[in-house]
Amino acid sequence: MRNYYLFASLFTVFISFAQTKGDKHFTVKYIQESITPDGVLDEPIWQEAEAAEEFWEYFPVDSIQARKQTQIKMLFDDTHLYVGITVWTAGRNYAIQSLRRDFRAGNSDNITLLFDTFNDANNAFLFGSNPYGVRREGLVSGGGLDLSGFTISWDVKWKGDSKIYDDRYTTEWAIPLTSFKFREGETRWRFNSYRFDTQSNESSTWMHIPQNQNIFGLTFMGEMRFEKPLGRSRTPMALIPYVNTSWFKDRENIAEDTGFKVGGDAKVSIGNSMNLDLTLNPDFSQVEVDDQVTNLTRFEVSLPEKRQFFIDNNDLFASFGDDNDANPFFSRRIGIAEDIDGNTIENPIVAGARLSGKINDDLRLGFFSIQTEEDAANEIAANNNTMLALQQLVFDRSNIGFFFINRQATGNPDFLDEADRYNRVVGLDYNLISSNNVWSGRAFAHRSFSPGDQGSEWSSGLSMRYNVRNWNAFAQGVYVGDDYASDLGFIRRTDIFKTVFSFGPNFWPQNGWVNNHSLRFIPISIWQPGVDWRLTDYNLRGRYELQTRRQQQFQIEWNSRYTYLFSDFDPTGSDDAEALPADTDYYYNNAQISYQSDRRRIASYEIQTTIGDFFNGSRFTLQSTANLRIQPKAFISLQARYDHIELPEPYGTADIWLIVPRIEFTFSKSLFWNTLIQYSNQRDNFGINSRLQWRFAPLSDLFLVYTDNYFVDRFSPKFRSINLKLTYWLNI
């Protein structure tokens with residue numbers, strides 16, 4: 001018996017190793033007839049198709065075959081890839097967030113497929129579905145190392161549906177081959193699939209992936225092998241015109257107007273692997289409003305991009321430098337600006353073009369040129385915004401990237417300062433990803449050019465991560481010169497040299513209620529080179545994290561901070577309080593505890609509290625999020641945050657509130673109503689954004705959007721608008 005267990009263990013290790021090397025594969029047969037994707041796998045041709053099966057469990061353990069198996073079959077003809085999936089389950093009690101397309105997967109039942117069509121282990125197309133036939137599509141970039149390389153904002157036309165049985169559900173798709181980019185004559189794609197099963201409390205993958213790696217990572221993939229070579233990717237040209245009528249009333253500036261706007265986008269395929277995106281007079285009125293946040297720091301907060309035009313192949317442009325401190329390109333800088341009072345407003349885009357994709361097997365190209373409009377009333381000049389990016393694959397998965405950015409004022413308005421006439425940035429990045437994902441890192445050097453350069457216009461950095469099952473370590477150094485500037489980037493502060501270290505063990509108990517737990521020690525330090533390398537900030541952080549087999553998460557953290565203020569700062573935001581004085585040292589400590597319940601449940605919640613010192617006073621923070629699913633029609637959430645900051649006299653004391661209810665209601669798979677309410681006394685704003693969306697044809701929508709904003713201190717109207725927008729996706 002002992003020898004049997006030894007043999008079984010060695011066999012499991014061998015199979016895992018073989019799968020890691022990509023030896024798991026299946027054949028995709030060529031067919032002459034088309035298949036109607038109704039979710040019922042009753043076509044006889046499905047019986048002839050080979051299957052991708054024998055899924056491995058990823059959670060709660062990653063060393064056994066999945067308890068509830070999945071079978072994936074694929075067929076193709078000259079125009080479509082057909083997918084037939086059988087997902088075995090413990091019953092029909094599924095967790096479904098809503099009937100709306102492009103759902104997030106982690107807290108509901110669903111199946112997702114990843115297609116690495118260029119076999120480079122860096123980029124992939126993603127398609128998924130839940131038991132109700134609700135679909136989603138997305139893109140994975142950067143090897144899937146983290147969530148920054150994952151988006152479901154990408155859209156493409158395809159069909160699919162599902163059928164629910166007592167012990168399983170089946171799903172059937174017809175994906176146009178024009179949805180993918182691939183080489184003509186290709187005979188294989190790297191492939192993987194992952195699945196969430198809430199009834200069995202199990203996540204599983206076709207390829208064996210260890211839990212210390214992301215479930216959507218592109219390291220561990222098998223192959224789908226086509227029975228005959230693929231032909232030319234004949235992507236149709238897509239025209240996406242829109243018509244928008246609007247009304248607004250601005251009570252702050254005593255203005256009221258109605259508007260009528262026409263514009264649109266076009267998507268043109270160039271060869272098998274390049275996209276040309278064009279936009280004329282774009283309108284983003286239907287895009288979800290930004291989430292309001294409480295900001296207790298001295299620095300700007302980065303908010304995510306939600307506009308479709310900037311999403312496709314966005315990693316080509318946005319993955320340079322360092323996300324936190326020295327990101328040379330941040331797409332939200334285009335089309336969004338500040339008025340003369342410092343408020344964020346829309347700066348209309350006149351037109352733009354963007355070319356992105358693969359030039360050959362190893363070289364990717366990205367280029368855009370976007371023209372924005374002059375706003376003389378707010379002293380905003382018209383600008384041409386241009387970027388060129390190249391990314392050359394080296395070794396197995398690493399790459400070298402080059403970029404050039406030019407922001408150039410066009411015209412010569414009276415208010416334009418000579419120092420704002422242009423800003424240019426050029427840079428080189430090396431991105432390391434080892435073949436087994438154990439090592440990853442980056443080295444970069446960037447230089448900016450602006451009128452009146454002083455000589456410290458450099459930004460550079462070096463980082464390295466080591467990730468194995470029982471240990472995780474990270475080291476980083478970032479330098480940002482005092483005169484470094486990227487008008488299209490996100491730079492929190494200049495004249496810094498910052499170091500970050502993170503290291504600690506991971507523990508994976510074999511038995512009991514704990515799935516995994518870890519310790520981390522994270523020292524962060526910042527020096528100011530321009531002032532004799534003075535130490536200006538440090539944070540000595542210790543963290544313990546725990547996840548249970550029921551998917552609850554617990555975290556406790558301790559922070560010991562030091563801050564040297566170079567300028568006066570009032571963290572309370574009070575009108576009548578005195579700011580903390582500059583040229584002063586502050587030492588302060590705090591503790592943070594958080595808990596997240598099992599998100600598979602109909603009702604779930606997350607709560608976090610922070611208590612301790614804050615500069616020369618004290619801080620107490622309590623924030624929570626509660627979620628309720630009324631399956632499958634509605635999803636209701638309530639986010640609340642309370643901060644009490646108390647500083648000694650004559651400095652400020654404040655009670656800061658942020659309350660955000662959100663209601664998402666799906667009348668059907670084509671009619672959706674979302675309402676977001678946000679109350680923030682820090683921003684003196686109570687806002688309502690309500691959006692009704694009717695998807696009357698594939699990727700074609702009618703939107704009715706109502707926005708209302710009020711002052712909090714006196715609860716009087718601030719700004720109100722109504723938009724009615726019609727957009728239609730036409731393939732030619």
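Remember, it's a predicted structure, so these values are computed and weren't measured experimentally. We're numbering straight along the sequence, starting at 1.
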J.: Would W729 and T727 count as having a side-chain donor-acceptor pair, cut-off 3.5 Å?
T.: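 Checked: W729/T727 side chains show no N/O donor-acceptor pair below 3.5 Å.
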J.: Walk me through whether F665 and F667 qualify under ring pair (Phe, Tyr, Trp, His ring centres under 6.0 Å).
T.: CA-CA 6 Å; F665 195 88; F667 300 93; 4.8 Å; yes
J.: Going by atom types only, do N412 and R421 share a side-chain donor-acceptor pair under 3.5 Å?
T.: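 The answer is yes; a qualifying pair exists.
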J.: Can a salt bridge be assigned to the pair R691 and E288 using a cut-off of 4.0 Å between side-chain N and carboxylate O?
T.: yes
J.: List, one per line, each side-chain donor-acceptor pair under 3.5 Å for residues 655-663, sequence neighbours excluded.
T.:
residue : atom : partner : partner atom : Å
D655    : OD1  : Y642    : OH           : 2.5
D655    : OD1  : H644    : ND1          : 2.7
R662    : NH2  : D291    : OD1          : 3.2

J.: Just say parallel, tilted or perpendicular for the rings of H446 and F320, cut-offs at 30° and 60°.
T.: perpendicular
J.: Of all the heavy-atom pairs spanning D429 and G321, show the shortest one and how long it is.
T.: OD2-N, 2.8 Å
J.: Rounded to the nearest 0.5 Å, what's the gap from CG on N110 to CZ on R104? Could you check?
T.: 11.0 Å
J.: Taking all heavy atoms of Q682 and all of T294, pick out the closest pair and write down the distance.
T.: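 Residues Q682 and T294, closest heavy atoms: OE1-CA, 3.5 Å.
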J.: For residues S179 and F127, report the shortest heavy-atom separation together with the two atoms involved.
T.: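 Looking at all heavy atoms of both residues, the closest pair is CB-CZ, 4.3 Å.
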J.: Can you tell me how far CD1 of I345 sits from CG of D339, rounded to the nearest 0.5 angstrom?
T.: 5.0 Å
J.: Among side-chain atoms of Y710 and R720, is any donor-acceptor pair under 3.5 angstrom?
T.: yes
J.: Do S98 and R100 get their side chains close enough for a donor-acceptor pair, meaning under 3.5 Å?
T.: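 Short answer, no.
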J.: Under 4.0 Å between a side-chain nitrogen and a carboxylate oxygen: does that hold for R136 and D102?
T.: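 A salt bridge is absent here (no side-chain N lies under 4.0 Å from a carboxylate O).
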J.: Using every non-hydrogen atom in the two residues, find where I240 and K267 come nearest and quote the distance to one decimal.
T.: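 Taking I240 first and K267 second, the nearest heavy atoms are CD1-CE, 4.2 Å.
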J.: Output the distance between atom CG (L365) and atom CG (L388), rounded to the nearest 0.5 Å.
T.: 6.5 Å
J.: Using the side-chain contact (heavy atoms from CB on, under 4.5 Å) definition, which of the options V134, N130, T666, L99 pairs with P632?
T.: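 Result: among V134, N130, T666, L99, L99 is the only option passing the side-chain contact (heavy atoms from CB on, under 4.5 Å) with P632.
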J.: With ring pair (Phe, Tyr, Trp, His ring centres under 6.0 Å) as the test, pick out the partner of F125 among F182, W158, F180, F216.
T.: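 So the option named by the test is F180.
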J.: Tell me whether the centres of the aromatic rings in F403 and F367 are closer together than 6.0 Å.
T.: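 No: the rings miss the under 6.0 Å criterion.
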J.: Distance from Y706 atom OH to N723 atom CG, nearest 0.5 Å?
T.: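 Here the rounded value is 12.5 Å.
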J.: Are any of the side-chain nitrogens in D161 or K669 under 4.0 Å away from the carboxylate oxygens of its partner?
T.: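 Counted as a salt bridge, because a side-chain N and a carboxylate O are separated by less than 4.0 Å.
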J.: I need the minimum non-hydrogen distance between P328 and Y484, along with the two atoms involved.
T.: CB-OH, 3.9 Å
J.: For the pair S162 and S129, evaluate side chain to side chain contact (heavy atoms under 4.5 Å, CB included) and give the outcome as yes or no after the intermediate values.
T.: CA-CA 8 Å; S162 299; S129 178; 3.5 Å; yes
J.: Can you name the ring-ring contact (aromatic ring centres under 6.0 Å, His included) partners of F703, sequence neighbours left out?
T.: none
J.: For the pair R332 and E346, evaluate salt bridge (charged side-chain N to carboxylate O under 4.0 Å, His left out) and give the outcome as yes or no after the intermediate values.
T.: CA-CA 10 Å; R332 286 176 56 92; E346 180 184 359; over 6 Å; no
J.: Would you say E256 and W247 are linked by a side-chain donor-acceptor pair, where the criterion is simply a distance under 3.5 Å?
T.: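 Yes, a side-chain donor-acceptor pair sits under 3.5 Å.
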J.: Holding to side-chain hydrogen bond (donor to acceptor under 3.5 Å, both in side chains), I want the full list of residues that pass it with S450, two or more places apart in sequence or in another chain.
T.: N423
J.: Side chains of N406 and R424: any donor to acceptor distance under 3.5 Å?
T.: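 Yes, side-chain donor-acceptor contact under 3.5 Å.
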J.: Does a side chain donor of either N384 or T410 reach within less than 3.5 Å of an acceptor in the other side chain?
T.: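 There is no such pair between these side chains.
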J.: Regarding R298 and D570, does a basic nitrogen lie under 4.0 Å from an acidic carboxylate oxygen?
T.: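 Answer for the salt bridge query: no.
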J.: On the 0 to 90° scale, with breaks at 30° and 60°, tag the F368-F329 ring pair as parallel, tilted or perpendicular.
T.: tilted
J.: Does R307 count as lying over the ring of F284, i.e. NZ or CZ under 6.0 Å from the six-ring centre, within 45 degrees of the axis?
T.: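 The answer is yes, since R307 meets both limits relative to F284.
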J.: Please determine whether a side-chain nitrogen of the Lys or Arg among R101 and E137 lies less than 4.0 Å from a carboxylate oxygen of the Asp or Glu.
T.: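 Yes.
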J.: Taking 4.0 angstrom as the limit, do D283 and K725 come out as a salt bridge?
T.: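 Looking at K725 together with D283, the answer is yes, because their closest N to O distance falls below 4.0 Å.
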J.: Classify the side-chain pair S624/Q608 by whether it contains a donor and acceptor separated by less than 3.5 Å.
T.: no
J.: So, for L126 and F150, which heavy atoms are closest and what is the spacing to 0.1 Å?
T.: CD1-CE1, 3.4 Å
J.: Taking side chain to side chain donor-acceptor pair (under 3.5 Å) as the criterion, tell me which of T117, N123, N275 meets it with K181.
T.: N275
J.: If only side-chain N and O atoms count, and only distance matters, is there a donor-acceptor pair under 3.5 Å linking S670 with W694?
T.: no
J.: Supply the atom-to-atom distance D265 CG to T279 OG1, rounded to the nearest 0.5 angstrom.
T.: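 Going from CG on D265 over to OG1 on T279, the span is 4.0 Å.
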J.: Just checking, is any N or O donor in the side chain of N674 or E664 under 3.5 Å from an acceptor N or O on the other one?
T.: no
J.: I need the S331 OG to N385 CG distance, nearest 0.5 Å.
T.: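 Here the rounded value is 11.5 Å.
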